[in-house]
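What follows is one structure encoded as structure tokens, with my remarks underneath.
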Number of protein chains: 2
Amino acid sequence: MTEPTHAVDPVRLRAYFALIEVSGLLRHAIEQQLQADGDLTFVRFQILRRLQLSPAGRQRMTDLADAIVFSRSGLTYQAGLLEKVGLVVRNPSPDDERGVTIAITDAGRALVDAVMPGHEAVVDRLLFSQLSQDDARTLTALLTPVRDHMREAPPRSARPRRARS
Amino acid sequence: MTEPTHAVDPVRLRAYFALIEVSGLLRHAIEQQLQADGDLTFVRFQILRRLQLSPAGRQRMTDLADAIVFSRSGLTYQAGLLEKVGLVVRNPSPDDERGVTIAITDAGRALVDAVMPGHEAVVDRLLFSQLSQDDARTLTALLTPVRDHMREAPPRSARPRRARS
DNA sequence: TATTGTTATACTCTATAACTATA
DNA sequence: TATAGTTATAGAGTATAACAATA
């Protein structure tokens with residue numbers, strides 16, 4: 001029997017797997033709700049929500065790709081779908097001629113608003129029915145620093161080219 | 001401006017979005033690690049891990065499909081891939097001739113073991129570097145009842161046929 | 001020369017429905 | 001008749017690489 005390099009910490013393992021499992025089940029349910037109530041996928045909902053929370057409802061493509069964890073081409077694809085339906089518009093960035101700015105439209109905001117009640121209902125039923133207000137606060141307190149830490153080195157959608165040897 | 005139907009609870013909303021965001025970023029990082037260290041996708045890793053934790057390392061196909069949140073055909077597909085590489089085997093269930101039992105092989109267990117150290121390293125770096133042991137315990141305590149509640153009505157991979165009118 | 005975004009392409013995954021076999 | 005699992009099929013989503021335009 002090989003000497004274990006380090007004992008697996010069961011406490012952490014349990015926390016990790018609980019997190020993965022809960023979020024997986026939650027996301028599955030959410031995707032069905034978004035599809036039914038707004039003909040939206042989860043990814044497109046995230047894009048819209050992030051734009052809605054951005055100042056002036058707009059963001060640079062690459063920044064948004066990083067935020068949603070995507071390749072740039074993936075975002076181009078999703079943005080194309082959203083634009084075709086009138087939920088977002090793309091325009092050249094004013095400061096950088098190479099850049100493109102994506103902005104949520106009134107229709108986009110309206111759709112997010114329309115979908116939110118049902119969305120919250122699902123989240124309430126699955127997640128918060130088991131958590132008190134204090135629990136929710138605790139959860140946020142635990143996860144916020146984690147998120148900030150993860151965001152410090154976001155998965156870059158535009159990978160820097162490897163230095164030539 | 002329309003009257004809001006009900007005030008959105010910001011505490012819950014924050015907790016929910018923090019959870020979604022953290023798990024999304026975590027999963028993205030995990031997928032890369034599993035791919036690099038074991039040529040595994042996250043889904044296939046979950047299947048193997050669940051089998052490994054099962055008594056005798058085996059489970060019924062439909063039960064496993066429910067657990068991983070999948071259609072039965074999706075599991076058949078993934079099981080086929082895993083079986084082709086010798087990480088699992090499928091056999092007819094002894095008690096129910098219709099059923100199929102999927103079991104993890106020694107090679108499957110070995111691969112999970114081989115992948116776990118790197119796996120934990122990623123989780124430690126992204127998640128637990130920001131959480132104390134107590135925090136981890138708290139997180140588990142919060143999420144375990146949530147998971148149990150969600151599992152009470154699992155998304156049935158085999159949806160019961162709707163009653164005819 | 002590096003970076004932004006798009007396009008072309010190839011591939012993986014997923015679900016639905018039809019089908020077979022057993023309960 | 002209902003359930004377990006597979007198969008056929010079709011569609012959506014993703015990433016990589018090549019490309020055009022700007023910095």
Side-chain angles (χ1 to χ4, degrees), chain A residues 24 27-28 31-32 34-36 39-47 58-66 68-85 88-103 155-164, chain B residues 24 27-28 31-32 34-36 39-47 58-66 68-85 88-103 155-164:
Chain A
R27 175 162 169 165
H28 188 259
E31 272 175 344
Q32 296 192 316
L34 290 173
Q35 192 65 56
D39 195 26
L40 276 178
T41 63
F42 183 67
V43 168
R44 292 198 272 281
F45 172 70
Q46 277 191 302
I47 292 173
R58 58 183 64 247
Q59 224 173 325
R60 276 286 288 273
M61 286 290 280
T62 295
D63 296 337
L64 191 54
D66 286 348
I68 310 291
V69 182
F70 253 38
S71 61
R72 286 171 301 163
S73 67
L75 180 59
T76 296
Y77 171 74
Q78 296 291 349
L81 294 179
L82 287 168
E83 194 168 38
K84 193 159 58 183
V85 194
V88 305
V89 283
R90 277 178 290 183
N91 288 110
S93 293
D95 45 312
D96 186 340
E97 277 297 320
R98 295 170 305 181
V100 167
T101 280
I102 178 172
R156 273 253 102 187
S157 60
R159 286 184 308 180
R161 198 172 300 277
R162 188 172 324 178
R164 294 284 178 71
Chain B
R27 175 163 171 165
H28 188 260
E31 273 176 343
Q32 296 191 316
L34 290 172
Q35 192 67 54
D39 194 27
L40 276 178
T41 63
F42 182 67
V43 168
R44 291 198 273 280
F45 172 71
Q46 277 192 303
I47 292 173
R58 60 184 63 248
Q59 224 172 325
R60 277 286 288 272
M61 287 290 282
T62 295
D63 296 338
L64 191 54
D66 286 346
I68 311 291
V69 180
F70 254 38
S71 59
R72 287 171 301 165
S73 67
L75 180 58
T76 296
Y77 172 75
Q78 297 290 348
L81 294 178
L82 287 168
E83 194 166 39
K84 194 159 58 184
V85 194
V88 304
V89 283
R90 277 177 290 184
N91 287 110
S93 294
D95 45 312
D96 186 339
E97 278 296 321
R98 296 171 302 179
V100 167
T101 280
I102 177 172
R156 273 252 102 186
S157 58
R159 287 185 307 181
R161 199 171 300 278
R162 188 171 323 180
R164 294 285 179 69

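Order of the sequence lines fixes the chain letters, A, B, ..., with proteins taken first and strands second; residue numbering starts at 1 for each chain.
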Length of the line joining [X]:[atom1] and [N]:[atom2], which is rounded to integer Å:
X        : N       : atom1 : atom2 : answer
Arg44(B) : dT12(C) : CZ    : C1'   : 9 Å
Ile68(B) : dA15(C) : CD1   : C1'   : 17 Å
Phe70(A) : dT14(D) : CZ    : P     : 3 Å
Tyr77(B) : dT16(C) : OH    : C1'   : 17 Å
Gln35(B) : dA15(D) : CD    : C1'   : 12 Å

Determine: side-chain N/O of Gln78(A) to OP1/OP2 of dT14(D), distance under 4.0 Å, yes or no.
yes
Suppose we call a contact any N or O donor and acceptor under 3.5 Å apart; does that hold for the side chain of Ser73(A) and the base of dT16(D)?
yes
Interface polar pairs with nucleotides 20-23 of chain D, N/O, under 3.5 angstrom:
| unit_1 | atom_1 | unit_2 | atom_2 | d |
| --- | --- | --- | --- | --- |
| dA23(D) | OP1 | Glu97(A) | N | 3.0 |

Residue set satisfying ring-ring contact (aromatic ring centres under 6.0 Å, His included) with Phe45(A), at least two apart, ordered chain then number -> His119(A)
Name all residues meeting the side-chain contact (heavy atoms from CB on, under 4.5 Å) criterion together with Ser71(A); count only those two or more places apart in sequence or in a different chain, and write none if there are none.
Ser73(A)
Over all strands shown, is [X] touching base, sugar-phosphate only, or nothing at heavy-atom distances under 4.0 angstrom?
X        : result
Ser93(A) : nothing
Gly99(B) : sugar-phosphate
Leu81(A) : sugar-phosphate

Kindly give the heavy-atom pair with the smallest separation between Thr41(B) and Leu34(B), and that separation in Å.
O-CD1, 4.2 Å
